[in-house]
Structures are given as C-alpha cells and as structure tokens.
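Only one structure is covered here, and it is reproduced in the block below.
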Amino acid sequence: MLKPNENYAKLQDSYLFYHIAQKTKAYLDAHPEQRLLRLGIGDVSQPLCPAVIDALHAAVDDQASAATFHGYLPECGAPFFREAAAKHYAARGVELSPDEVFASYGASDELGDILDLFDRGSTALILEPAYPAYVDANVMAGHPIVHLPAGKENGFLPLPNAGTKADLIYLCSPNNPTGAVFSKEQLQQWVDFANQMGAVILFDAAYEAYIEDDALPHSIFELRGARTCAIEINSLSKTAGFTGTRLGYTVIPKELERGGMNLNAMWVRNRTTKTNGVSYLLQKGGAAVFTDEGQAQIKAQIALYKRNATTLTKALDDCGIRYCGGKNAPYIWLQCPKGLSSWEFFDLLLTKAQIVGTPGAGFGACGEGYFRFSCFGSPADTAEAAKRLRELLK
Ligand code: PLP
C-alpha cells in the first residue's frame, strides 16, 4: 500500500496565520458591526507602482501579436530579468553573473523547493524567532531541526559558538518578526562558520529594501567568502508590492559546491525539470522594479510604510511599551505589557481594540511574551490603530 510522507503528521496542527485568521473570523462573525484593523499578516496595502503597471500592460500587449508574442521562456528566468537583477546587485558592489540569478514565483516557493538540493539527513539550524515556513518546510522534508533561540540579550541576533552544529543555516536579515539586522561583522561570523563547517546558509533577504542604515549589508554576497557557502532568496513581495502578483529571485553562486557537486548546476537541473519558468508578464513587471523610475517609486512606498512604523512606535512610547524593529524593517517587535502571554495579548487587542497583530509565540518558543505589528497597513488604519492602542494601554 502507498505510504504517505509521514513527516506531515509531525507538523503542528495549525499554521500561525491560519490560526489567526480563524480566531479573527470567529470574532467578526460574533461582532459584524466592528471595524477590524489588521496589523497581523505582513501583506502590503499599497498598489503596484506606475513603472510596474506600465510594464505589465506593455507585456500583455506583446502577447497579443505574433511578432512580439512569447511562449515558453528559459526555465531559470528570462535573460532580461536575470540581467536586470544582476545589475541591481552590481550597483551595491556585488558582482553576479546573470546565470547565478534564478527567477521564481516568490520566496516561499523557493524556501521549500530549494531543499531538493540537500540530503534528507541534513540538519537545519533555525535562528528563532523565525518566519514559520522555515520550520514547516524542513519538517515536511524530514530534516532534523536545531532551534537557536534569540532574545533581547543578544539583540535578537544570535551568533555561532563552539557548540553550534548545522548543515543548513537559515538567516533572515532584516528579520521577520523582530526587525533586527545583522551588521557586516556579525554576518561575517556566520559566513566564516559556514565555510569552516561545510554548511550552506540560506539567506532570506525579503526585507533588504527596508534597510536605511548605510553600514548594514543588504545581501550576504557583500561578505567575504559568501560565494562558497550561501544561497540568497529574495522576493519583490515586500520590496515592490508583489504579494499577490508573485515574483522573486534566488542567487546561487557558481563557486558553491558540496560533496563535489555544484549547487548552481543542480538548481538548473532542478528548474528545467520541475518548472516551465515564470510568466513573461511577471518578469517584465519585475524588471521594471530595477529601473531608476521603479526604484524611485518603490522607495516612496517604503517610506510610507516607515511612516506607519513611526506612527505605531510613538504610540508604544506613550504607553511605556518596549519594542525593537520598525527602523530598518517593516515590523515592530514588542514586549507584551503586564506580563501577558502573546496569545493573551492577541485576544486583548482583538476584543478590546479590534486590532489584529501576530503573537510572538507563533515564531518559535522564544517568541513567547512578544508580539509583532506589521507596518504594511494603510496610513489611515495605522493611525486609527495607534489611537486605539493609546486608549487601551496608556
Ligand atoms: N521570507 C520572509 C521572511 C517573509 O516574511 C515572507 C513573507 O511574508 C516570505 C519569505 C515570503 O515571501 P513571498 O511572498 O515572496 O513568498
């Protein structure tokens, strides 16, 4: 008889955001008159920028005529998109060959799919609090998982030590949920460690565009030695509002080898087997993000989300609540007041202020007692949430 992948039975019964959605729905069903303010899931509120919209329209028109129509594109990405992304890295001093950049339908897809490259016995080291998909994708793949907890004592940026063991290392900087960002010196320690151990770093750079402090690294490839130990997974979701449009890119350097096998070549083999590429329309829209016009427009949008962060942090300051994040990241990570657990604080905010946030416990055990606010809402909703927070907690 067929045996299913029994690793699925080891998954926690409810994915964090699904559980939040269920609780929220139950509350709204009972109180349909209430206006909920959603600062929970990290979904954007602002539309795609004009440069992207124009490129998408033009790409649709291309598909309407035999002379400009595109059928299947290269599975690893259209040359124009790979070149545009590589050029974007070059502007920050990171030299990549376009065939080290792979187009994807987003970071979530890649974070799971990339595990195809590694042996099932590979141990995954997950720095927590962490984006929940890291744990779940590794549970599904049957990988042993080591949790490395972080806390305020290390600024939510844990570093390797003599006892650290790992084959795969998940680093997310700027971090979801804490907003913490590794400095170059800190990230260098992880790169050196991975090279010494023969491990591979999976660097999730989904929030790199939110870094405003010039000294902080946007890409792991700004670090010495990263080309022999790291894969970078990136996304236009939060950079340019592609959460519903879907486009990302993954960088695998050609020097990256393990066990005599080349990971870039393996990923080419994987993509040419398991996908028929990313839509022409989306890659055209995505390439527009990397133009000067696109960059100026997305920077204005990111500035709007940063103003939301300030609106919220001012309210938290007024209420005497301690927090971090919100400066180089679109998330604010706060300590629940009055010793409440993170799900107790979730219930309090939902029922007394009709605000939906994300309980820190959903990002790993060390997130208990913390809570995450997303700054991706509309400015009007964020201002209203700040007002309700003051009324409830001051
Ligand atoms: N990585 C992190 C840290 C995220 O927070 C998210 C989405 O919230 C993703 C990856 C997934 O991004 P995408 O929309 O590209 O799948």
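Here, residue 1 is the first one in the sequence, and each next residue gets the next number. When a ligand or atom number is given, it counts from 1 through the structure's own listing order.
Each of the atoms 3 (C), 4 (C), 5 (O) of ligand 1 lies under 4.0 Å from some heavy atom of Asn176. Of all atoms in ligand 1, listed by their number and element, those nearer than 4.0 Å to a heavy atom of Cys172 are 3 (C). Near Ser108, meaning under 4.0 Å from one of its heavy atoms, ligand 1 places the atoms 11 (C), 13 (P), 16 (O). With ligand atoms numbered from 1 in the order given, ligand 1 contributes 13 (P), 14 (O), 15 (O), 16 (O) to contacts under 4.0 Å with heavy atoms of Arg246. Taking a cut-off of under 4.0 Å to the non-hydrogen atoms of Gly106, the atoms of ligand 1 that pass are 15 (O), 16 (O).
Note that the OH atom of Tyr370 and the OG1 atom of Thr178 stand 10.0 Å from one another [nearest 0.5 Å].
When only non-hydrogen protein atoms are considered, atom 8 (O) of ligand 1 lies nearest to Lys238 NZ, 2.6 Å. When hydrogens are left out, the protein atom nearest atom 12 (O) of ligand 1 is Ala107 CB, 3.8 Å; that is the closest non-hydrogen contact. Ranking the protein heavy atoms by distance from atom 4 (C) of ligand 1 puts Tyr207 OH, 3.4 Å first.
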Below 3.5 Å, can you tabulate the donor-acceptor pairs from side chains in residues 129-136 to any protein atom, sequence neighbours excluded?
| from | atom 1 | to | atom 2 | distance (Å) |
| --- | --- | --- | --- | --- |
| Tyr131 | OH | Ser108 | OG | 3.1 |
| Tyr134 | OH | Asp204 | OD2 | 2.7 |

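For Lys306 and Tyr210, the positive end is not near the middle of the six-membered ring at less than 6.0 Å and at most 45° from its axis.
Looking at Phe242 against ligand 1, nothing comes within 4.0 Å, counting heavy atoms. Heavy atoms of Ser237 found under 4.0 angstrom from ligand 1 belong exclusively to the side chain.
The backbone N or O of Gly225 sits less than 3.5 Å from a side-chain atom of Asn195, completing a donor-acceptor pair.
Between Asp204 and ligand 1, a contact under 3.5 Å exists for at least one N or O pair.
In this structure, a donor-acceptor pair under 3.5 Å is absent between the side chains of Gln301 and Tyr305.
Remark: aromatic rings of Phe203 and Phe182 are distant, center separation not under 6.0 Å.
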Discussion item. Before you tell me yes or no, could you show the steps for Tyr207 and Tyr331 under ring pair (Phe, Tyr, Trp, His ring centres under 6.0 Å), namely the whole-Å CA-CA distance, both residues' side-chain angles and the distance that decides it to 0.1 Å?
Written reply: CA-CA 10 Å; Tyr207 298 99; Tyr331 296 115; 5.2 Å; yes
